[in-house]
4 protein chains.
Amino acid sequence: MARPSGRQPDIPAQVSRRAAGVEPRRRRAPAMDKAERRRAILAAALTVFSDHGFAGARLDDVARHAGVAKGTLYLHFADKEALFRGLVEQDIAPVLADADAVVGLFPGSTRDLIDRLIVLITQRVMGTPAEALVRLMIAEGPRFPELAAFYHREVVSRGLAIVRKIAQRGLDRGEITSDLAVRFPQLVISPAIVAVIWNGMFGAFDPLDAKAFLAAHRDLLLRGLGWRDM
Amino acid sequence: MARPSGRQPDIPAQVSRRAAGVEPRRRRAPAMDKAERRRAILAAALTVFSDHGFAGARLDDVARHAGVAKGTLYLHFADKEALFRGLVEQDIAPVLADADAVVGLFPGSTRDLIDRLIVLITQRVMGTPAEALVRLMIAEGPRFPELAAFYHREVVSRGLAIVRKIAQRGLDRGEITSDLAVRFPQLVISPAIVAVIWNGMFGAFDPLDAKAFLAAHRDLLLRGLGWRDM
Amino acid sequence: MARPSGRQPDIPAQVSRRAAGVEPRRRRAPAMDKAERRRAILAAALTVFSDHGFAGARLDDVARHAGVAKGTLYLHFADKEALFRGLVEQDIAPVLADADAVVGLFPGSTRDLIDRLIVLITQRVMGTPAEALVRLMIAEGPRFPELAAFYHREVVSRGLAIVRKIAQRGLDRGEITSDLAVRFPQLVISPAIVAVIWNGMFGAFDPLDAKAFLAAHRDLLLRGLGWRDM
Amino acid sequence: MARPSGRQPDIPAQVSRRAAGVEPRRRRAPAMDKAERRRAILAAALTVFSDHGFAGARLDDVARHAGVAKGTLYLHFADKEALFRGLVEQDIAPVLADADAVVGLFPGSTRDLIDRLIVLITQRVMGTPAEALVRLMIAEGPRFPELAAFYHREVVSRGLAIVRKIAQRGLDRGEITSDLAVRFPQLVISPAIVAVIWNGMFGAFDPLDAKAFLAAHRDLLLRGLGWRDM
DNA sequence: TATGAATGAGACTTCATTCAT
DNA sequence: CATGAATGAAGTCTCATTCAT
């Protein structure tokens with residue numbers, strides 16, 4: 001078992017190790033530019049993280065899903081956490097930017113604006129990577145304070161700001177009378193969050209119709225805020 | 001997975017509290033019987049799983065928190081997953097049973113009833129192991145479908161039934177006019193869920209005052225449901 | 001290749017992975033007390049480090065040489081560097097302590113004392129683990145400043161102190177007249193160091209007879225220091 | 001740091017680093033012919049190997065230090081070991097050739113000759129790449145038997161031959177009477193070796209004044225060899 | 001020829017699980 | 001029953017080497 005401990009002039013380990021591999025290498029992936037590859041990795045990461053959570057995810061799986069070698073991941077992301085961060089940075093900002101734009105330009109009533117946003121959310125979040133990402137953030141956020149702070153700064157506070165803007169707009173236009181939505185914008189968002197969580201956990205056997213659910217919320221909310229049609 | 005059915009007494013006061021009598025001093029095991037030890041393990045597990053998630057939790061830590069040896073865990077639970085299952089299956093009933101009782105017996109207005117429930121939730125959930133458990137279920141549920149189903153059956157559906165009962169009671173008493181809360185009881189619960197999540201993620205630097213938040217929700221909700229004081 | 005990325009209620013990775021292993025475990029190593037096992041690990045480490053250097057050594061090999069599992073190493077040493085440190089701490093002190101004792105008690109002439117120490121060195125260092133360790137320290141020391149400092153403090157400075165004591169003793173007894181060995185005790189040690197290095201590098205094809213070499217050094221040294229027989 | 005966020009193909013680190021020289025870089029290979037490039041690589045290799053040892057050295061670092069791409073290394077050296085070999089085989093001759101010439105031509109006394117050599121060593125070795133090389137050989141030699149043999153043949157034996165020549169010259173001139181330095185020329189070299197090692201390991205906190213140390217050695221040595229002024 | 005992104009074997013380390021005491 | 005040292009599979013990350021450009 002034990003190599004005799006005498007001084008044997010053996011070949012340096014590092015060198016001899018590699019020399020053993022004789023089979024031909026697998027063909028290298030064909031041209032794919034950096035951004036494309038990065039996207040592929042992020043897509044794979046979303047799948048794997050979403051299936052197993054952060055700690056449970058294996059970078060091996062991410063690499064396989066992305067169709068790259070393990071080492072390649074590290075050419076794009078410093079480590080597992082950076083990969084996670086990249087995910088949040090990529091998939092959520094666009095939706096928020098769009099929502100912000102919609103709110104800024106929307107000409108109609110607050111009710112119609114809310115409807116518009118519900119459509120935006122159901123189409124751009126529910127059933128998309130963004131939804132999985134929200135779920136992932138909720139699940140892993142508490143364990144990654146820095147990531148949670150980043151998410152709060154980049155996503156949550158901006159989302160709530162949009163809500164406040166809408167609510168204030170409604171007040172200004174005399175459509176609603178209560179400022180509760182300005183003071184507690186989270187109330188407006190809560191059902192969407194819960195819908196995401198619900199379908200993630202129970203969707204398989206007791207799905208929640210997000211569209212109808214959010215519409216009901218809209219009615220309840222507007223009435224609660226003193227809605228009067230104008 | 002099937003928990004032996006049947007009602008468990010509310011916080012079963014442990015059978016015999018080391019009834020006055022001669023304690024036969026064994027050299028080995030300290031004074032802690034099997035059930036007691038099991039509870040200690042589950043309590044430790046809640047802490048550790050809640051802090052690190054399922055995959056991130058170390059049984060070493062659970063054992064240390066519980067004050068037992070690592071091997072001892074395996075005398076009570078087949079493996080890490082069984083421990084997690086035991087955790088969720090254990091401390092679920094009490095709060096719900098209480099809530100159910102309150103609703104059944106409550107004499108006052110629906111508004112007061114809701115207030116009563118808010119107090120119940122803020123006092124019996126927020127800041128207690130139950131809150132950690134909710135958070136844990138949200139985080140890990142998607143990865144444990146059977147457990148999610150169990151949770152849905154034992155907790156969520158019962159909780160929503162209570163909500164429905166309250167809403168129906170309000171309708172019956174003519175206090176509210178909308179049946180939205182009957183059709184989408186999740187709307188009523190959403191802010192509480194979000195409050196738990198919020199404080200878990202952002203509590204450190206942007207805490208949400210759950211009491212005020214839920215009170216605002218109550219006002220919005222009641223008005224939205226057509227509340228009229230009677 | 002890629003698992004379908006849909007939400008499959010698959011068994012948590014962590015659990016299923018282990019479940020695959022079905023073969024019977026290797027029998028556990030029979031009783032061996034902690035100290036004994038620690039010694040076995042250190043002996044193995046000396047062999048492996050000595051053969052491959054610090055960076056080139058594989059803990060896998062250390063474990064195999066020691067006849068323990070890889071994880072067991074970490075029950076005794078925090079990491080690879082701690083293992084290295086343990087090596088230095090264990091194998092060198094005894095020789096120094098012995099040398100110190102010899103010098104303190106020796107009754108004869110300085111020449112005889114030096115002869116005695118040459119015997120000590122050739123017998124207790126040359127061809128023993130201590131020799132490999134000295135070689136190892138010389139090779140790796142520059143890369144491990146803390147270890148070098150420790151080595152300097154625990155080994156080198158103590159060794160030089162012994163040399164100084166001998167030289168001073170010779171001066172006091174009127175056997176030698178130069179204080180160069182007090183001022184540069186490293187001069188006295190150098191040939192021993194070089195003998196160790198030499199035989200490590202060239203011993204296989206051009207061995208240096210350490211005994212004769214050190215005896216020559218003794219003669220040269222004593223004459224250089226003004227030796228006069230008394 | 002404030003790189004404009006435009007869509008400029010971002011500048012490879014490699015190039016930008018070199019940009020220290022202000023002149024605009026041509027797109028392709030700078031004016032550097034094969035031999036020049038090879039020398040640059042070897043110089044870089046000396047630095048890196050010397051800092052980290054063979055196994056610990058990263059070819060990435062070597063490439064960066066040399067200002068070439070990693071792949072380029074392989075156009076000049078078959079693999080890591082070949083690079084190491086090339087390193088040792090390269091810058092060996094000069095110092096020895098010089099030393100040899102000095103000895104052959106020197107007109108003065110042996111004492112003065114030795115002084116001359118001390119100057120040569122302290123100036124041409126200490127603090128130069130050659131010193132790093134000696135240290136490197138000492139550290140890695142045992143792991144590269146062939147290289148050690150080469151080193152022995154090309155450096156050590158030639159160095160010792162020079163020492164023997166000096167000693168014999170002293171005997172012939174009647175300046176010394178002992179032939180110990182002819183029989184054990186390593187004795188003459190030892191302190192220089194130890195000085196190199198010492199300062200490599202302990203130089204940071206307990207530096208050894210090589211000049212004074214070697215002068216003391218010279219005195220001790222000459223007297224030990226029976227020096228008499230003529 | 002030079003490049004450097006890609007590769008993948010293999011390093012160190014962790015930790016769920018087992019079992020001799 | 002309880003213990004905790006031991007196990008070893010599997011994880012993340014590194015880096016010598018290759019090869020399409």
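All figures in this text were calculated on a predicted structure; none of them were measured in a lab. All chains are named by letter (A, B, ...) in the order of the sequence lines, taking the proteins before the strands, and each is independently numbered beginning at 1.
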Side chain of Tyr74(B) - closest among dA2(E), dA6(E), dA16(E): dA16(E)
Sugar-phosphate, base or nothing in reach of Ala57(D), heavy atoms under 4.0 Å: sugar-phosphate
Nucleotide of dT1(E), dC13(F), dT3(F) approaching Asp79(A) most closely (side-chain heavy atoms): dC13(F)
Under 3.5 Å, which donor-acceptor pairs do the side chains of residues 74-81 of chain C form with other protein atoms, sequence neighbours left out?
from, atom 1, to, atom 2, distance (Å)
Asp79(C), OD1, Glu81(C), N, 3.3
Asp79(C), OD1, Ala82(C), N, 3.0
Lys80(C), NZ, Phe54(C), O, 2.8
Lys80(C), NZ, Ala55(C), O, 3.4
Lys80(C), NZ, Ala57(C), O, 3.0

5′-ward residue of the pair Asp60(A)/Ala78(D) relative to DNA chain F: Asp60(A)
Nucleotide dA16(E), atom P - distance to NE2 of His76(B) in whole Å: 18 Å
Interatomic distance, Phe84(D) CZ vs dT17(F) P [rounded to whole Å]: 14 Å
Selected nucleotide, minimal atom distance to Leu59(A) side chain, candidates dA9(F), dA16(E), dT12(F): dT12(F)
Contact nearer the 5' end of DNA chain E, comparing Gly71(B) with Phe54(C): Phe54(C)
d(CG, Leu83(D); P, dA16(F)) in whole Å: 11 Å
Whole-Å distance separating the CD1 atom of Ile41(B) from the C1' atom of dA2(F): 11 Å
Of Arg58(B) and Lys70(D), the one whose closest DNA chain E nucleotide lies more 5': Lys70(D)
Sugar-phosphate, base or nothing in reach of Lys80(C), heavy atoms under 4.0 Å: sugar-phosphate
Length of the line joining His52(D):NE2 and dT14(F):C1', which is rounded to integer Å: 14 Å
dT21(E): pairing nucleotide in any strand, Watson-Crick or G-U under 3.5 angstrom: dA2(F)
Gap between atoms CZ and C1', on Phe77(C) and dA5(F) respectively (whole Å): 15 Å
Between dT7(F) (C1') and Leu73(C) (CG): distance, integer Å: 11 Å
Separation of dT1(E) P from Glu36(D) CD (nearest whole Å): 17 Å
Ion pair check, Arg143(B) and Glu140(B), cut-off under 4.0 Å: yes
Thr72(C) or Leu75(B), whichever maps to the more 5' nucleotide of DNA chain F: Leu75(B)
Spacing of NE2 belonging to His65(D) relative to CG belonging to Leu46(D), to within rounding of 0.5 Å: 11.0 Å
Over all atoms of both residues, closest heavy-atom pair of Leu73(C) and Leu59(C): CD1-O, 3.5 Å
Side-chain N,O (Arg37(B)) to OP1/OP2 (dC1(F)) below 4.0 Å: no
Leu136(C) side, atom CG; Leu87(C) side, atom CG - distance, nearest 0.5 Å: 6.5 Å
